[in-house]
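In what follows, every heavy atom counts, from backbone to side chain, and hydrogens, waters and symmetry copies are set aside.
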Amino acid sequence: MKRILIPRPNLFSFDECLWFLNRNYDDCLHVIEPGKIHKAICINGQNIAFTLQADERHLLLHLGDQQLSPQQEQALERYISDWFDLDRDITPFYKLLAKHKQLAYMATDYAGFRLIGIHDLFEALCWSIIGQQINLTFAYILKRRLVEQYGTPISFNDHTLHIFPAPEVLQSVSMEALRALQFSTRKAEYLLSIASLFAAGTLSKERLQQCSSYNEQVAQLTAVRGIGVWTANYAIMKSLKQLQAIPMGDVGLLNALTNHQLIKDRQDHTRIDKLFKQFKGWESYLVFYLWRSLSHA
DNA sequence: ATCCAGGGGTCAC
DNA sequence: GTGACCCATGGA
């Protein structure tokens with residue numbers, strides 16, 4: 001039985017991350033059991049399934065009887081680090097939290113919570129488009145239909161895991177098929193055209209990472225039909241981990257700000273900007289912790 | 001029935 | 001750059 005150990009950093013709570021991934025929604029891209037998570041991913045064209053657990057000092061990756069090359073093992077470790085943002089020292093963020101009266105509690109209540117990523121940019125963009133202007137419960141249902149219909153199922157440890165559909169597959173799906181899954185006409189158009197852009201290589205994570213600045217990344221993404229400021233920043237935050245990304249206008253973000261009495265008027269951009277300036281360099285973390293505050297144990 | 005949900009596009013000033 | 005309007009769909 002293949003097993004890999006990954007050292008766990010300070011200020012990291014596997015339980016807190018797992019809880020968030022499991023909160024109130026039915027995500028089809030992982031399976032969670034007490035203390036562990038199962039997931040399947042595609043790295044360099046190869047499908048890999050794994051179970052992730054934690055002890056006091058490590059994250060434990062269980063691979064069953066899968067054989068991986070050293071390079072694949074490294075790629076998998078990098079994937080895990082990227083997923084849970086393990087390589088980042090988040091103490092500066094905690095110092096900023098401590099200085100903020102209404103938000104200081106987060107440093108203890110959510111201690112060790114990390115910005116959980118979506119490694120695949122195509123998946124991140126599709127997911128944020130699916131989530132546009134509909135409630136999250138329904139968004140997860142739509143994602144599940146899409147993934148079960150066009151993704152790749154993997155059997156592992158008595159679970160059926162799913163890998164998100166490749167753009168090459170999605171680009172040739174018909175509008176009618178997506179409409180039948182209850183995607184709106186607009187969203188179906190957006191998804192199909194973005195799948196084509198990825199399949200053609202016009203759009204890719206690598207290309208976006210070559211941009212010289214965050215602003216340029218936003219510009220490149222928002223030039224695509226269906227990707228507005230919110231979607232672009234969501235993807236940049238979750239996939240590229242550029243921490244200055246803020247999905248402005250996000251309903252959940254505004255609700256959290258209202259709940260904490262940080263704003264009264266949901267259009268008070270001045271106060272919102274002022275708040276985020278206090279968290280310069282950690283804006284995405286602030287957003288993520290505010291989203292965390294929307295769900296209760 | 002009506003409003004809302006982790007928005008975006010379009011078009012007029 | 002800003003604001004008004006429409007788009008789609010399920011849930012509360």
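Below 30°, between 30° and 60°, or above 60°: for A:Tyr79 and A:Trp83 the angle between ring planes is between 30° and 60°, a tilted geometry. Ring planes of A:Tyr105 and A:His260: parallel class, angle under 30° (limits at 30 and 60°). Ring planes of A:Tyr289 and A:Phe113: tilted class, angle from 30 to 60°. In this pair, A:Phe14 and A:Phe12 present their aromatic rings tilted. The plane angle is within the 30 to 60° band.
One interatomic measurement links the two molecules: CG of A:Leu253 to C1' of B:dG7, which rounds to 14 Å at whole-angstrom precision. The CG atom of A:Asn24 sits 16 Å away from the P atom of C:dG11 (whole-angstrom rounding). In this structure, A:Phe183 places its CZ atom 16 Å from C1' of B:dG7, rounding to the nearest Å. A straight line from CZ of A:Phe138 to C1' of B:dG7 spans 15 Å, rounded to a whole angstrom. Whole-Å rounding puts the A:Lys187 NZ to B:dG9 C1' distance at 14 Å. At whole-Å resolution of the value, CG in A:Leu221 and C1' in B:dG7 are 15 Å apart. Computed from coordinates, the A:Asn135 CG to B:dT2 C1' distance equals 16 Å when rounded to whole Å. Distance, A:Arg225 CZ to C:dC7 P: 14 Å, rounded to whole Å.
Checking the phosphate oxygens (OP1, OP2) of C:dC6, no side-chain nitrogen or oxygen of A:Arg186 falls inside 4.0 Å.
One P atom belongs to B:dG8, the other to C:dG11, and the distance between them is 23 Å to the nearest Å.
DNA chain C is contacted by both A:Gln267 and A:Ile134; A:Gln267 maps to the nucleotide lying nearer its 5′ end (nearest heavy atom per residue). Between A:Asp250 and A:Ile227, it is A:Asp250 whose nearest contact on DNA chain B lies nearer the 5' terminus.
At least one side-chain heavy atom of A:Lys205 sits less than 4.5 Å from a side-chain heavy atom of A:His119.
Nucleic acid contact class of A:Ile141 (heavy atoms, under 4.0 Å, all strands): none. At a threshold of 4.0 angstrom between heavy atoms, the contacts of A:Thr231 are confined to the sugar-phosphate backbone, with no base atom among them. Residue A:Val224 is classed as a sugar-phosphate contact, given heavy-atom separations below 4.0 Å to backbone atoms only. Heavy atoms of A:Arg266 sit nowhere under 4.0 angstrom from any nucleic acid atom. A:Gln132 comes within contact range of the sugar-phosphate backbone alone, with a heavy-atom separation under 4.0 Å but no base atom that close.
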N/O contacts under 3.5 Å, protein versus nucleotides 11-13 of chain B?
none

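Proximity note for A:Asn255 (side chain, C-beta onward) versus C:dA8, B:dG7, B:dA5: the nearest is B:dA5.
Looking at A:Asp89 and A:Thr91, their side chains do bring a donor and an acceptor atom within 3.5 Å of each other. Judged purely by distance below 3.5 Å, without hydrogens or angles, the side chains of A:Asn157 and A:Thr51 pair a donor atom with an acceptor atom.
Salt bridge status for A:Asp27 with A:Lys143: present, with a side-chain N to carboxylate O gap under 4.0 Å.
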